[in-house]
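Presented below is the structure to which this report refers.
All heavy atoms count here, side chains included; hydrogens, waters and symmetry mates do not.
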Amino acid sequence: ADDEASIRDGLSRVIDWNAQHIRVIGTAKDGDEAFDRICRFHPDIVITDIKMPGCSGLDLVERVRRIPGCQTHFILLSGYDDFAFAQRAIRSKIACYLLKPAKTDDLIAEVMRIRQEIRTQRASGERSRQEQRAARQGGAVLKEQFYARLAEGEFHSENDILRVADSIRLKPISCPCAAVVFRFTLPADAENGEFSKADVRLFKTAFRNVMEELSRPIRKTELYADHGNELGILISPAEHLQDFLSVFVNTMRDISRIDLSVGIGCPAQTLLDIAASCRAAAEVSEYSMYQSGTRFFDYETLVVHQTAV
């Protein structure tokens, strides 16, 4: 950006920016025009004169700095060796301050230096994001392992459960809760008679999203088992559970046209009781395979059936 056309043209055309793998996205005759273009194109680097009519180069920098998330770097050009300008430039965290007439080699060198800084910052940011993703994924794996162990009855006391949960920074699900086993049968593919693994993953993702959406903010849910066409979920609180599950099953059928059978375990009053609730839910779910019509079975159904037998 510069109010002198000859300087604008010289900066954009005389220097072979393409040879430096730099793309020039535009020029501006004053600070206001430059600000509009910065807002539109979000350049990485702006080379601007300080003295321009209206909005000066320093005013431009300060306006751009107020844009949330803007990471534009500035090189300021000035025909005056003015200490006050330099002080203000430093306060505005200018990447570079050059006196006119700036040597071409010096200007290119500064642009290359800033480009390397940008690449380093972006690489560092990407590493940080990857580390955060890995931490989240690692935390999710540890949580799934914790609930799988809880469902299998591997803990011998409440203190053991709380100690392990604390070691992975996890707040266990509140009791009373209940284990629920969901079984689903996906329709066969017309061509090969099978439902693809991608479709199964898609259905399970939809299952978890809908479960989470319908649960908030009243209920808490945690996955403890994922085996083929069977998903085990802990749901808290355990009260009025069948009403909630009826809404969930109907919602899943509406969006996927897939029916679910539901086996509900006995309420777990403590964390140690969860294993028994999971066993009851699994047994009820097995019993539901031999029934037709009804989609909901709970531990009382199992008790009645075993008594009758």
Side-chain angles (χ1 to χ4, degrees), residues 125 127-184 200-249 251-252 260 262-285 296 298-300:
R127 282 195 300 272
S128 176
R129 286 189 291 273
Q130 289 175 351
E131 290 169 358
Q132 290 172 2
R133 283 195 296 269
R136 286 195 299 269
Q137 291 169 355
V141 170
L142 290 174
K143 184 168 80 167
E144 289 182 9
Q145 291 174 346
F146 169 81
Y147 281 108
R149 292 181 64 192
L150 196 58
E152 292 295 326
E154 294 185 13
F155 298 104
H156 301 295
S157 69
E158 291 270 333
N159 286 337
D160 286 343
I161 296 172
L162 296 175
R163 177 180 53 79
V164 172
D166 185 64
S167 71
I168 60 174
R169 299 181 180 180
L170 175 67
K171 181 180 179 181
I173 194 167
S174 300
C175 293
C177 65
V180 182
V181 172
F182 297 86
R183 287 179 179 270
F184 57 90
V200 173
R201 286 195 299 269
L202 182 62
F203 173 79
K204 289 182 177 180
T205 298
F207 178 102
R208 294 191 190 187
N209 290 341
V210 173
M211 175 67 73
E212 182 179 346
E213 185 67 27
L214 293 180
S215 298
R216 290 196 300 243
I218 299 173
R219 298 184 186 274
K220 177 83 178 291
T221 63
E222 296 291 355
L223 176 75
Y224 70 85
D226 181 352
H227 307 300
N229 69 331
E230 182 179 297
L231 292 167
I233 308 289
L234 292 174
I235 303 178
S236 173
E239 292 82 5
H240 309 295
L241 192 52
Q242 189 155 323
D243 293 337
F244 166 74
L245 292 173
S246 179
V247 173
F248 173 74
V249 168
T251 302
M252 286 302 300
L260 292 165
V262 181
I264 307 170
C266 51
Q269 301 300 327
T270 70
L271 292 172
L272 275 178
D273 296 333
I274 286 176
S277 181
C278 293
R279 287 194 298 270
E283 291 179 30
V284 171
S285 180
F296 293 92
D298 58 26
Y299 69 101
E300 292 179 353

Verdict with reasoning, Tyr147 to Ile274, per side chain to side chain contact (heavy atoms under 4.5 Å, CB included): CA-CA 10 Å; Tyr147 281 108; Ile274 286 176; 5.6 Å; no
Can you name the salt bridge (Lys or Arg N to Asp or Glu O under 4.0 Å) partners of [X], sequence neighbours left out?
X	value
Asp226	Lys204, Arg208
Glu152	none
Glu158	none

Any non-hydrogen side-chain atom of [X] less than 4.5 Å from a side-chain atom of [Y]?
X	Y	result
Gln269	Cys175	no
Val284	Ile264	no
Ser246	Val262	no

Approximate separation, where rounding is to 0.5 Å, of Leu271 CG and Ile161 CD1: 5.0 Å
Separation of Arg219 CZ from Ile173 CD1 (nearest 0.5 Å): 10.5 Å
Short side-chain to backbone donor-acceptor contact, Thr251 and Val247, under 3.5 Å: yes
ring-ring contact (aromatic ring centres under 6.0 Å, His included) contacts touching residues 155-180 (sequence neighbours left out): Phe146-Phe155
Residue pairs, two or more places apart or on separate chains, that pass ring-ring contact (aromatic ring centres under 6.0 Å, His included) and touch residues 209-244: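 Sorted result for residues 209-244: empty, none.
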List the atom of [X], the atom of [Y], and the distance in Å for their closest heavy-atom pair.
X	Y	answer
Phe207	Leu260	CE1-CD1, 4.2 Å
Ser236	Cys177	CB-CB, 3.7 Å
Leu162	Pro172	CD2-CG, 4.2 Å
Ala179	Ser277	N-OG, 2.8 Å
Val181	Ser285	CG1-OG, 3.4 Å
Pro267	Ala178	CA-CB, 4.5 Å

With sequence neighbours excluded, residues passing side-chain contact (heavy atoms from CB on, under 4.5 Å) with Thr221: Met211, Ser215, Ile233, Ile235
For Ser157, all residues meeting side-chain contact (heavy atoms from CB on, under 4.5 Å), sequence neighbours excluded: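 Ser157 satisfies side-chain contact (heavy atoms from CB on, under 4.5 Å) with Asn159, Asp160 once adjacent residues are dropped.
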Would you please name every residue forming a side chain to side chain donor-acceptor pair (under 3.5 Å) with [X], sequence neighbours left out?
X	value
Arg169	none
Gln145	none
Arg163	none

Of all pairs that satisfy salt bridge (charged side-chain N to carboxylate O under 4.0 Å, His left out), the ones with a partner from residues 230-248, not counting sequence neighbours: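 Every salt bridge (charged side-chain N to carboxylate O under 4.0 Å, His left out) pair that includes a residue of residues 230-248, provided the two are not neighbours, is Arg183-Glu230.
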Aromatic plane relationship, Phe203 with Phe184 - under 30° parallel, 30 to 60° tilted, over 60° perpendicular: tilted
